[in-house]
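Structure first, then comments.
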Amino acid sequence: MLQKIEGIVIRTSDYGETNKVVTIYTREKGKLAFMARGAKKPNSRLSSVTQPFTHGSFLVQSGSGLGTLQQGEMMTSMRHIREDLLMSAHAAYMAELLDKSTEEKKPNPYLYELFEQCLHYLNEGYDAEVITAIFEMKMLQVIGLHPELSGCAHCGSREGRFAFSIRENGFLCHRCFEVDPYLLPLSQAAIKLLRLFYFFDLKRLGDIKVKEETKKELRTAISLYYDEYSGIYLKSRRFLDQMERMQSFLMNKEQEED
């Protein structure tokens, strides 16, 4: 049966010399995989629309097994993402996190819109680290994780200074710091952003600027939390970490030369 779907390419894998298996996250039907015959040929009409992160309208033929991608029309190429290696690494990480966190044919319009909006922000030049951190915090609810970020996980207080406790699954106020000797003493700026990223509506994101030291705090806290609770381990995360370390090294070297 032929049908038209809107979606974003989140993964491709080679199949034989000329074909691809393309995984598309769709608004209406969730995650779906299709055979794209001849898509590896440079002159194929499917070559451009099966590139990672492509947002498009696709004509597909579904069956009892793997469906077939017949045609595609690009809605947004996400060209700026693909032209920037670091930005591509962030987008690949978000796509893999989405892929590993979802089952096939389970629609989630909220998740589709979240992923689409994050890719558009990346493509428009927003801070990639900030957008990735927001996506990670929003994905916690999708995975089924619910850290206590509205107040103290131990006493419930919403006033005072806070730190982040992996063991206690959320914030601890200064009166309860002794509950977890291994808590993360984050800056109050990082605490505020963790809470904001988890709760706020992404569509309301304005021109947000975050200091480098605060972004490092966010990355540490979020990574430790995912490692402890999610059970998800991603190859793209290791590559992204390597890219960020390389970028940091080059920036430091340029500053020393100046």
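No hydrogens, no waters, no symmetry mates; every other heavy atom, side chains included, goes into these values.
- Two residues are said to be in side-chain contact when any heavy atoms from C-beta on lie closer than 4.5 Å; I166 and D180 fail this criterion.
- V130 and I191 fall within a single hydrophobic cluster, where Ile, Leu, Val, Met, Phe, Trp and Tyr side chains are chained together by heavy-atom contacts under 4.5 Å.
- Atom-to-atom distance recorded for M1:CE and Q61:CD is 9.5 Å, nearest 0.5 angstrom.
- The closest side-chain heavy-atom distance from D84 to L122 is not below 4.5 Å.
- Checked against F58 for a side chain to side chain contact (heavy atoms under 4.5 Å, CB included), the options V22, L32, V9 give a single hit: V9.
- K215 has a carboxylate O that lies under 4.0 Å from a charged side-chain N of E129, or vice versa, which qualifies the two as a salt bridge.
- In this structure, CD on E136 lies 10.0 Å from OG on S230, to the nearest 0.5 angstrom.
- Between E6 and Y112 the shortest side-chain heavy-atom distance falls below 4.5 Å.
- Looking at S157 and R175, their side chains come closer than 4.5 Å, going by heavy atoms from C-beta outward.
- With hydrophobic clusters built from ILVMFWY side chains whose heavy atoms lie under 4.5 angstrom apart, L119 shares a cluster with I131.
- Electrostatic pairing of E213 and K216 does not count as a salt bridge here, judged by no charged N lying under 4.0 Å from a carboxylate O.
- In this structure, the side chain of S47 does not engage the main chain of N43 through any donor-acceptor pair within 3.5 Å.
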Tell me, with the steps shown, if E116 and R27 meet salt bridge (charged side-chain N to carboxylate O under 4.0 Å, His left out). CA-CA 10 Å; E116 180 190 10; R27 184 190 301 275; 3.7 Å; yes
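- If you chain together hydrophobic residues whose side chains sit under 4.5 Å apart, F177 and Y182 never meet in one group.
- Between the side chain of T26 and the backbone N or O of G30, at least one donor-acceptor pair lies under 3.5 Å.
- Cluster membership for L46 and Y25, using ILVMFWY side-chain heavy atoms within less than 4.5 angstrom, is not shared.
- One finds the CG atom of L183 at 9.5 Å from the CD atom of E178 (value rounded to the nearest 0.5 Å).
- Atom CD of E17 is surrounded by 12 or fewer heavy atoms from other residues, nucleotides or ligands within 6.0 Å.
- Dense packing is recorded around CD of E28, with more than 12 heavy atoms of other residues, nucleotides or ligands lying under 6.0 Å away.
- Taking OG1 of T76 as the reference point, atom NE2 of H55 lies at 5.5 Å (rounded to 0.5 Å).
- A donor-acceptor pair is defined here as one N or O able to donate and one able to accept, closer than 3.5 Å; no such pair exists between the side chain of T214 and the backbone of V210.
- Checked for salt-bridge contact, K209 and D127 miss the test: no charged N lies under 4.0 Å from a carboxylate O.
- Atom CE of M94 is separated from atom CG of D99 by 14.0 Å, given to the nearest 0.5 angstrom.
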#### Entry: Intermediate values then yes/no, side chain to side chain contact (heavy atoms under 4.5 Å, CB included), Y15 and R37
CA-CA 9 Å; Y15 189 89; R37 301 190 184 281; 5.8 Å; no
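- Heavy-atom neighbours of E104 CD from other residues, nucleotides or ligands within 6.0 Å: above the threshold of 12.
- A cation-pi arrangement is present between R237 and Y93 under the rule of less than 6.0 angstrom and at most 45 degrees off the ring axis.
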_Intermediate values then yes/no, side chain to side chain donor-acceptor pair (under 3.5 Å), Y225 and N169_ = CA-CA 8 Å; Y225 190 83; N169 193 33; 2.4 Å; yes
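- Without hydrogens or angle criteria, R82 side chain to F53 main chain gives no donor-acceptor distance under 3.5 Å.
- Defined by atom type and a distance below 3.5 Å, a donor-acceptor pair is present between the side-chain atoms of E217 and S187.
- For the pair K4 and S57, the minimum side-chain heavy-atom distance is below 4.5 Å.
- A salt bridge links K40 with D14: the distance from a Lys NZ or Arg NE/NH1/NH2 to an Asp or Glu carboxylate oxygen falls below 4.0 Å.
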Applying side chain to side chain contact (heavy atoms under 4.5 Å, CB included), run through L202 and F135 and close with a yes or a no.
CA-CA 9 Å; L202 181 61; F135 186 75; over 6 Å; no
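- A donor-acceptor pair is defined here as one N or O able to donate and one able to accept, closer than 3.5 Å; such a pair exists between the side chain of R167 and the backbone of V179.
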Apply side chain to side chain contact (heavy atoms under 4.5 Å, CB included) to K31 and T23, showing your working.
CA-CA 7 Å; K31 184 171 66 176; T23 302; 3.6 Å; yes
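- Not one N or O on the side chain of H154 forms a donor-acceptor pair closer than 3.5 Å with the backbone of L172.
- Residues A163 and L184 share a closest heavy-atom pair of CB-O, 3.3 Å.
- The side chain to side chain donor-acceptor pair (under 3.5 Å) test applied to E168 returns no partner, not counting sequence neighbours.
- Between I81 and A91, the closest heavy-atom pair is CG2-CB, 3.7 Å.
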*Quick one: do Q71 and R45 satisfy side chain to side chain contact (heavy atoms under 4.5 Å, CB included)? Show the steps, please.*
CA-CA 8 Å; Q71 297 177 23; R45 68 182 189 279; 4.2 Å; yes
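- For the residue pair N19 and G38, the shortest heavy atom distance occurs at OD1-N, 2.8 Å.
- At a threshold of 4.5 Å between non-hydrogen side-chain atoms, the residues L69 and T50 count as touching.
- Contact between M243 and A89 at its shortest, heavy atoms only, is CG-CB, 4.3 Å.
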Extract all donor-acceptor atom pairs below 3.5 Å that involve side chains of residues 138-153 and protein atoms in other chains or at least two apart in sequence.
{"residue": "K138", "atom": "NZ", "partner": "F197", "partner atom": "O", "Å": "3.4"}
{"residue": "K138", "atom": "NZ", "partner": "Y198", "partner atom": "O", "Å": "3.4"}
{"residue": "K138", "atom": "NZ", "partner": "F200", "partner atom": "O", "Å": "2.1"}
{"residue": "Q141", "atom": "NE2", "partner": "Y198", "partner atom": "O", "Å": "3.4"}
{"residue": "E148", "atom": "OE2", "partner": "S150", "partner atom": "N", "Å": "2.9"}
{"residue": "E148", "atom": "OE2", "partner": "S150", "partner atom": "OG", "Å": "2.5"}
{"residue": "E148", "atom": "OE2", "partner": "G151", "partner atom": "N", "Å": "3.1"}

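- Under the 4.5 Å side-chain criterion, counting only non-hydrogen atoms from C-beta, Q51 is in contact with T54.
- T68 is listed as a side-chain neighbour of Q70, based on a closest heavy-atom distance under 4.5 Å.
- The shortest heavy-atom contact between K203 and E113 is NZ-OE1, 3.8 Å.
- Looking at every heavy atom in both residues, S62 comes nearest to F34 through OG-CE2, 4.4 Å.
- One finds a salt bridge joining K100 and E96 here, because a Lys/Arg side-chain nitrogen approaches an Asp/Glu carboxylate oxygen to under 4.0 Å.
- Of the inter-residue distances, the one linking Y126 atom OH with Q117 atom CD reads 8.5 Å to the nearest 0.5 angstrom.
- Under the 4.5 Å side-chain heavy-atom criterion for ILVMFWY residues, no single connected hydrophobic cluster contains both I24 and I10.
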